[in-house]
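Read the structure below first, then the notes.
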Amino acid sequence: MPKTNTTKNRVALVTGGASGIGLATCEMLLAKGWKVAILDRDEKALKAVRAAHEQNKAVRIASLDVTDEKAVDRAVAETVEAFGGINGVVNSAGIAADKHVFDTPVDLFRKMLDVNVVGTFLVGRAVARIMMDTGGGAIVNIASISGLRGSKGRSAYGASKGAVVTLTQVMANDLAPFGIRVNAVAPGPVETPLVQAVHTDADRELYHRYIPMKRYGTPAELASVIHFLLDDTQSSYVTGEILAADGGYRGSGLVLDR
Ligand code: NAD
């Protein structure tokens, strides 16, 4: 049974690691003894993370745009050089927009695919090339419930996350022979800067109506699920899985008031 990240040298690379779900995941992994490369394109957010981890030798912080293939390959090589390998990846870098299909410019659609899908592919592929020679590992992509159901106003975002779901399943299939597991988490609404920028008060009321648990998730709740999928001591036989962490939204039918 492949158990590549059960050893002392557990190293994770987290994109979008300076904010929201990615940041909460970095904090949880560090608390559990992992070394973590925190990558993000937001310099301001990275500065705050740097200040919080100034003396921490288990942390490597660097600027990265996940859509830049050469920069991705470089960031992966630098992480391997610093920490001696990589056996966990979290693709949390992502952007979102809520727009009716008529109001969705093609540039926005292309940008959404570039960051959410191409970025996830580039990082996963670069790290898998390392993992295949070092005994395997686990990749966790962050999809969305909007990639599983047709949420209104999410033609670009939903299509990009639907593609992340399929990419996850295909990569799980391609990479299983190399001891690399690939899974995705499909969050419902989670209280992060991304959601705070996009959700109106009316949106929040609607979400509460349709989510059986009647609340948003927290970044820490998502980090737990991501950690489960990363950790070979817990999920060594799980691959190609899309795990919804959504307060019951995906599985729910009628939400009656009684
Ligand atoms: P967030 O905005 O707090 O964090 C996303 C991070 O990704 C930011 O720090 C941003 O700078 C970074 N990023 C964006 N584009 C990048 C790029 N090209 N290269 C590198 N970094 C980049 O958002 P979040 O809510 O934590 O979202 C994390 C992931 O979870 C995203 O993929 C998002 O689509 C997904 N998601 C979030 C929710 C939610 O409700 N918050 C729900 C479903 C899915």
Side-chain angles (χ1 to χ4, degrees), residues 13-28 37-50 61-72 74-76 89-98 108 110-124 126 139-149 151 154 156-165 167-168 184-200 203-204 206-208 211 213 215-223 225-226 242-247 249-250:
L13 181 152
V14 182
T15 71
S19 178
I21 295 168
L23 178 60
T25 302
C26 292
E27 282 161 0
M28 179 163 292
I38 302 176
L39 305 171
D40 204 294
R41 69 165 180 196
D42 182 340
E43 293 294 346
K44 200 169 150 211
L46 283 174
K47 201 172 162 198
V49 180
R50 263 194 201 99
I61 297 162
S63 175
L64 174 70
D65 180 340
V66 295
T67 64
D68 180 340
E69 183 177 9
K70 285 201 173 80
V72 166
R74 208 165 40 241
V76 168
V89 176
V90 181
N91 278 306
S92 192
I95 53 173
D98 273 334
L108 172 69
R110 290 201 169 107
K111 192 172 169 212
M112 199 76 72
L113 294 181
D114 204 21
V115 176
N116 294 357
V117 188
V118 178
T120 298
F121 160 73
L122 287 176
V123 173
I139 298 172
V140 180
N141 298 327
I142 312 303
S144 168
I145 49 169
S146 297
L148 299 171
R149 300 180 66 176
S151 305
R154 303 249 165 112
Y157 183 71
S160 77
K161 292 301 185 175
V164 169
V165 166
L167 177 67
T168 301
V185 175
V190 182
E191 208 57 78
T192 68
L194 179 141
V195 150
Q196 278 151 12
V198 174
H199 287 201
T200 63
D203 293 340
R204 285 172 180 276
L206 264 178
Y207 269 110
H208 287 161
I211 292 174
M213 288 179 73
R215 68 172 177 86
Y216 282 30
T218 66
E221 286 175 314
L222 267 295
V225 177
I226 294 164
I242 314 302
L243 208 167
D246 63 355
Y249 176 78
R250 182 169 64 163

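Whatever order the structure lists them in is the order used to number ligands and atoms, beginning at 1. Throughout, residue positions are numbered sequentially from 1 according to the sequence presented.
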Looking at Arg215 and Glu191, is there a salt bridge between them, counting it only when a charged N and a carboxylate O are closer than 4.0 Å?
no
Which heavy atom of the protein is the closest neighbour of atom 27 (O) of ligand 1, given with residue, atom name and distance?
Leu194 CD1, 4.1 Å
Can any side-chain N or O of Lys47 pair as donor or acceptor with the backbone N or O of Asp42 at less than 3.5 Å?
no
Would a 4.5 Å heavy-atom cut-off, applied to side chains only, mark Leu23 and Pro219 as touching?
no
Of all the heavy-atom pairs spanning Asp246 and Pro187, show the shortest one and how long it is.
CB-C, 4.5 Å
Under 4.0 Å between heavy atoms, the region of Glu191 that gets near ligand 1 turns out to be neither
For atom 21 (N) of ligand 1, tell me which residue out of His199, Glu43, Arg41 has the closest non-hydrogen atom.
Arg41
Check for me whether Ala24 has a heavy atom closer than 4.0 Å to any atom of ligand 1.
no
Among all protein heavy atoms in this structure, tell me which lies nearest to atom 40 (O) of ligand 1, with the distance rounded to 0.1 Å.
Val190 N, 2.7 Å
Counting heavy atoms only, name the option from Gly94, Gly17, Ala75, Gly16 that's nearest to atom 14 (C) of ligand 1.
Gly94
Per-residue contact class, Ile21 against ligand 1 - non-hydrogen pairs under 4.0 Å
both
Any Pro189 heavy atom less than 4.0 Å from ligand 1
yes
Going by the 4.0 angstrom heavy-atom rule, the piece of Val115 near ligand 1 is side chain
How far apart are the closest heavy atoms of Tyr207 and Pro189, and which atoms are they?
CD2-CG, 3.5 Å
Would you kindly specify which portion of Ser146 sits under 4.0 Å from ligand 1, judged on non-hydrogen atoms: side chain, backbone, both or neither?
neither
Taking C-beta and beyond as the side chain, do Asp98 and Arg154 meet within less than 4.5 Å on heavy atoms?
yes
Within less than 4.0 angstrom of ligand 1, does Ala45 place any heavy atom?
no
Would you mind listing which atoms of ligand 1 come within a distance below 4.0 Å of any non-hydrogen atom of Val195?
39 (C), 40 (O), 41 (N)
Within the 4.5 Å heavy-atom criterion, are Thr25 and Leu222 side-chain neighbours or not?
no
Among protein heavy atoms, which lies nearest atom 32 (O) of ligand 1, and at what distance?
Lys161 NZ, 2.8 Å
Atom 12 (C) of ligand 1: which protein heavy atom is closest, and how many Å away?
Asp40 OD1, 3.4 Å
Ligand 1 N/O within reach of Pro187 N/O, cut-off under 3.5 Å
no
Using modelled atom types and a 3.5 Å cut-off, is there a donor and acceptor pairing between side-chain atoms of Arg250 and backbone atoms of Ala186?
no
Please write down residue, atom name and distance for the protein heavy atom closest to atom 42 (C) of ligand 1.
Gly188 O, 3.2 Å
For Leu64, which part has a heavy atom under 4.0 Å from ligand 1: side chain, backbone, both, or neither?
backbone
Using the test side-chain hydrogen bond (donor to acceptor under 3.5 Å, both in side chains), find all partners of Asn141 that sit at least two apart in sequence or belong to another chain.
Asn91, Thr168
Kindly confirm or rule out an N or O of Thr67 lying under 3.5 angstrom from an N or O of ligand 1.
no
Are the side chains of Val49 and Glu27 in touch, meaning some heavy atoms are under 4.5 Å apart?
no
A side-chain contact here means heavy atoms from C-beta on lying under 4.5 Å apart; do Ile226 and Ile142 qualify?
yes
Check contact between Ser92 and ligand 1, using heavy atoms of the residue and a distance below 4.0 angstrom.
yes
Grab the two heavy atoms, one from Val185 and one from Ala245, that are nearest each other, plus how far apart they are.
CG1-CB, 4.3 Å
Flag Val66 as yes when one of its N or O atoms lies below 3.5 Å from any N or O atom of ligand 1, and as no otherwise.
yes
Proximity flag Ala143 to ligand 1, non-hydrogen atoms under 4.0 Å:
yes
In the protein, which heavy atom is nearest to atom 33 (C) of ligand 1, and how far is it?
Tyr157 OH, 3.6 Å
Tyr216 side chain reached by His208 side chain, heavy atoms, under 4.5 Å
yes
Enumerate the residue pairs fulfilling side chain to side chain donor-acceptor pair (under 3.5 Å) with a member in residues 110-124, sequence neighbours excluded, ordered by first and then second residue.
Asn116-Ser160
Return the residue, atom name and 0.1 Å-rounded distance of the protein heavy atom closest to atom 1 (P) of ligand 1.
Ser19 OG, 3.6 Å
Of the protein's non-hydrogen atoms, which lies at the shortest distance from atom 25 (O) of ligand 1, and what is that distance?
Thr192 OG1, 2.5 Å
Counting from 1, what ligand 1 atoms have a heavy atom of Asp65 closer than 4.0 Å?
17 (C), 18 (N), 19 (N)
Which of the ligand 1 atoms, numbered from 1, are nearer than 4.0 Å to a heavy atom of Gly20:
3 (O), 26 (O)
Judged by heavy atoms only, the candidate from Val72, Leu222, Ile142, Ile145 nearest atom 30 (O) of ligand 1 is Ile142
Short side-chain to backbone donor-acceptor contact, Thr15 and Ala93, under 3.5 Å
yes
Thr67 versus Val115: any side-chain heavy-atom pair under 4.5 Å?
yes
